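All values below come from the heavy atoms of this structure, side chains included, with hydrogens, waters and symmetry mates left out. Given the structure is predicted, the values throughout are model-derived calculations rather than measurements.
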Amino acid sequence: MFKKSFYHFLLLLLFTLIVTSSLQQQQQESFCIFQTNNGVFNLNKLKSTSYYSVSPSTGYQLLFNICSNVIGQTCQGKSYSSMVVFTSGTGSTKQCFTYIGGETKSSNYKISLLNSNNPEEGVKLTIIGGETIPQMTSDMKQQTTIDLICQPDNPPAEPILKYIGEEHPTSDITNYHVSITSSLACLSKDNPLSSTPLDPVGIGGLLLILFIFFFILYLIIGSILNKFYFNKMNSLDNNNSGNGGNNGFKEMIPNFNFWKITFQLFIEGLLFTKEGFIFLFNKITKRNQYAYSEESSLMN
């Protein structure tokens, strides 16, 4: 029993590794990688699981993210890369005031060096596509500029955030300027976009291909050993002439009972998930029907 449970655990672990590696590969945004003659700046490393926050003034916060939209806060019902929110007295309640950077996509990202004479200093990320504010003479476009300053000895988990100020590079643009100082903003020699033999399939695809290959090899070699070396097929033919063909074929498959149980557990898992969704759907439907009947009775 322990041996079968251990094999099931190994299969689950392999499946988890394949899915995780595939997701990690998809999370790398190519437009967040800035290449120079000395190396690359990979801005994906600075992506926050929620958002970065600085306070330009009392009661207001500037929320932004890098290579991702702000997570957990929306503006006008949509997700954006940066926004200004005003907070309650405790700061726990945030309400969007305006979005100052568009959605996270290549057309809204502009990356350049902070200092062309010293590329290792860091890069400047400008996020355009913010909300346009109507003015008397011309509409005011909003954008966010983030200085990503390299500091090798700064721990990755403790970036230093600073609000620089509100700027007007032209008469029709309002730029909100902040900075992040971190070792993750430093130049790297490793280019995640460099061509490798794994690019078409990725690590997850490679693991899946290897698993299928060795599984087929395992079936072929195991069946041959069961047929000729262990002589299971012949012994069953001699002892069970009536149904020997069917039982013998099953016995040829290596660890047939293990794979049978694994398949049954997989089917049971699918059925359990299906029943769970049906149960939740019925609960929600009945609750809505009860609320509607209560509302109808009150109106009558």
Side-chain angles (χ1 to χ4, degrees), residues 28-29 31-36 38-73 75 79-87 91 94 96-131 133 140-170 173-188:
Q28 292 283 331
E29 301 289 357
F31 58 83
C32 286
I33 298 173
F34 185 71
Q35 303 186 45
T36 69
N38 300 320
V40 297
F41 290 94
N42 186 0
L43 275 58
N44 289 286
K45 297 178 180 179
L46 289 158
K47 182 187 301 182
S48 172
T49 55
S50 55
Y51 52 78
Y52 296 101
S53 174
V54 293
S55 298
S57 60
T58 304
Y60 288 87
Q61 285 185 339
L62 196 158
L63 311 182
F64 64 95
N65 208 342
I66 298 175
C67 302
S68 172
N69 290 334
V70 171
I71 299 173
Q73 182 71 40
C75 196
S79 297
Y80 295 98
S81 56
S82 58
M83 61 185 69
V84 174
V85 300
F86 53 86
T87 60
K94 298 179 176 65
C96 178
F97 179 72
T98 181
Y99 62 94
I100 55 176
E103 297 180 42
T104 301
K105 56 184 179 180
S106 59
S107 57
N108 287 335
Y109 268 50
K110 312 295 180 184
I111 306 175
S112 60
L113 291 173
L114 284 174
N115 185 353
S116 58
N117 296 323
N118 183 17
E120 295 184 357
E121 185 175 325
V123 294
K124 176 184 294 185
L125 168 63
T126 300
I127 307 174
I128 63 174
E131 185 176 11
I133 307 299
M140 185 69 68
K141 300 176 182 178
Q142 299 185 114
Q143 64 183 35
T144 304
T145 295
I146 308 169
D147 291 345
L148 303 173
I149 304 170
C150 170
Q151 184 173 327
D153 56 347
N154 179 251
E158 299 178 6
I160 301 172
L161 278 68
K162 180 182 178 181
Y163 178 71
I164 298 175
E166 181 179 323
E167 305 165 343
H168 297 276
T170 61
I173 292 179
T174 299
N175 183 63
Y176 296 85
H177 201 167
V178 298
S179 68
I180 294 181
T181 303
S182 171
S183 60
L184 296 177
C186 295
L187 194 68
S188 173

Engineer: How far does CG of Asn175 sit from CD1 of Ile128, to the nearest 0.5 angstrom?
Structural biologist: 11.5 Å
Engineer: Measure the NZ-CG distance between Lys110 and Asn108 for me, rounded to the nearest 0.5 Å.
Structural biologist: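 It comes to 8.0 Å.
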Engineer: Are any non-hydrogen side-chain atoms of Thr174 and Glu166 less than 4.5 angstrom apart?
Structural biologist: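 Side chain of Thr174 against side chain of Glu166, heavy atoms only: contact under 4.5 Å found.
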Engineer: Measure the spacing between SG of Cys186 and NZ of Lys45 and express it to the nearest 0.5 Å.
Structural biologist: 9.0 Å
Engineer: Measure the shortest side-chain to side-chain distance between Ser182 and Leu46 over non-hydrogen atoms and say whether it is less than 4.5 angstrom.
Structural biologist: yes
Engineer: Taking all non-hydrogen atoms of both residues into account, name the closest pair between Ser179 and Ile149 and its distance.
Structural biologist: CB-CD1, 4.2 Å
Engineer: Within the supplied structure, the quantity of interest is the number of heavy atoms (other residues, nucleotides, ligands) at a distance under 6.0 Å from Glu120 CD; does it exceed 12?
Structural biologist: no
Engineer: Just wondering, do Val123 and Leu43 contact through their side chains at under 4.5 Å, heavy atoms?
Structural biologist: yes
Engineer: Starting at CD of Glu131, measure out to CE of Met140 and round the result to the nearest 0.5 Å.
Structural biologist: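 That separation rounds to 13.0 Å.
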Engineer: Check side-chain contact (heavy atoms from CB on, under 4.5 Å) between Ser48 and all other residues, then give those that pass, not counting sequence neighbours.
Structural biologist: Ser50, Tyr52, Asn65
Engineer: If we count only N and O atoms by modelled type, under 3.5 Å, do the side chains of Thr98 and Gln142 hold a donor and an acceptor together?
Structural biologist: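 There is such a pair between these side chains.
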Engineer: Where does the angle between the aromatic ring planes of Tyr60 and Phe97 fall among parallel (under 30°), tilted (30 to 60°) and perpendicular (over 60°)?
Structural biologist: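 Judged by the thresholds at 30° and 60°, the geometry between Tyr60 and Phe97 is perpendicular.
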Engineer: Between Glu103 and Ser79, what is the shortest heavy-atom contact and its length?
Structural biologist: CG-O, 3.7 Å
Engineer: State which residue, out of Thr145, Thr144, Asn69, fulfils the side-chain hydrogen bond (donor to acceptor under 3.5 Å, both in side chains) condition with Ser82.
Structural biologist: Thr144
Engineer: Side chains of Asn38 and Leu187: closer than 4.5 Å at any heavy-atom pair?
Structural biologist: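 Counting from C-beta outward, Asn38 and Leu187 do come under 4.5 Å.
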Engineer: In the structure I gave you, are the side-chain heavy atoms of Asn44 and Ile66 within less than 4.5 Å of one another anywhere?
Structural biologist: no
Engineer: Enumerate the residue pairs fulfilling ring pair (Phe, Tyr, Trp, His ring centres under 6.0 Å) with a member in residues 104-131, sequence neighbours excluded, ordered by first and then second residue.
Structural biologist: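 Ring pair (Phe, Tyr, Trp, His ring centres under 6.0 Å) check on residues 104-131 returns Phe31-Tyr109.
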Engineer: Given side chains that start at C-beta, do those of Tyr176 and Phe64 come closer than 4.5 Å, heavy atoms only?
Structural biologist: no
Engineer: Is the shortest side-chain heavy-atom distance between Val178 and Asp147 below 4.5 Å?
Structural biologist: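 No. Closest side-chain heavy atoms not under 4.5 Å.
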Engineer: In Å and rounded to the nearest 0.5 Å, what is the OG1 to OH distance from Thr49 to Tyr51?
Structural biologist: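 Thr49 OG1 to Tyr51 OH: 10.5 Å, rounded to 0.5 Å.
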Engineer: Here's a test for you: under side chain to side chain contact (heavy atoms under 4.5 Å, CB included), which of Leu113, Leu148, Val40, Asn42 qualifies with Phe34?
Structural biologist: Leu113
Engineer: One pair to check against side-chain contact (heavy atoms from CB on, under 4.5 Å): Lys162 and Val54. What are the steps and the verdict?
Structural biologist: CA-CA 7 Å; Lys162 180 182 178 181; Val54 293; over 6 Å; no
Engineer: Measuring only between side-chain heavy atoms, which start at C-beta, is Tyr80 closer than 4.5 Å to Val70?
Structural biologist: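 Heavy-atom side-chain distance check fails, nothing below 4.5 Å.
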Engineer: Of all heavy-atom pairs between Ser81 and Gly101, which one has the smallest distance, and what is that distance?
Structural biologist: OG-C, 3.5 Å
Engineer: Working to the nearest 0.5 Å, report the span between CD of Gln73 and CE of Met83.
Structural biologist: 6.0 Å
Engineer: Please report the shortest heavy-atom distance between Pro152 and Ser183, naming the atom on each side.
Structural biologist: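 So the minimum-distance heavy-atom pair works out to O-CB, 3.5 Å.
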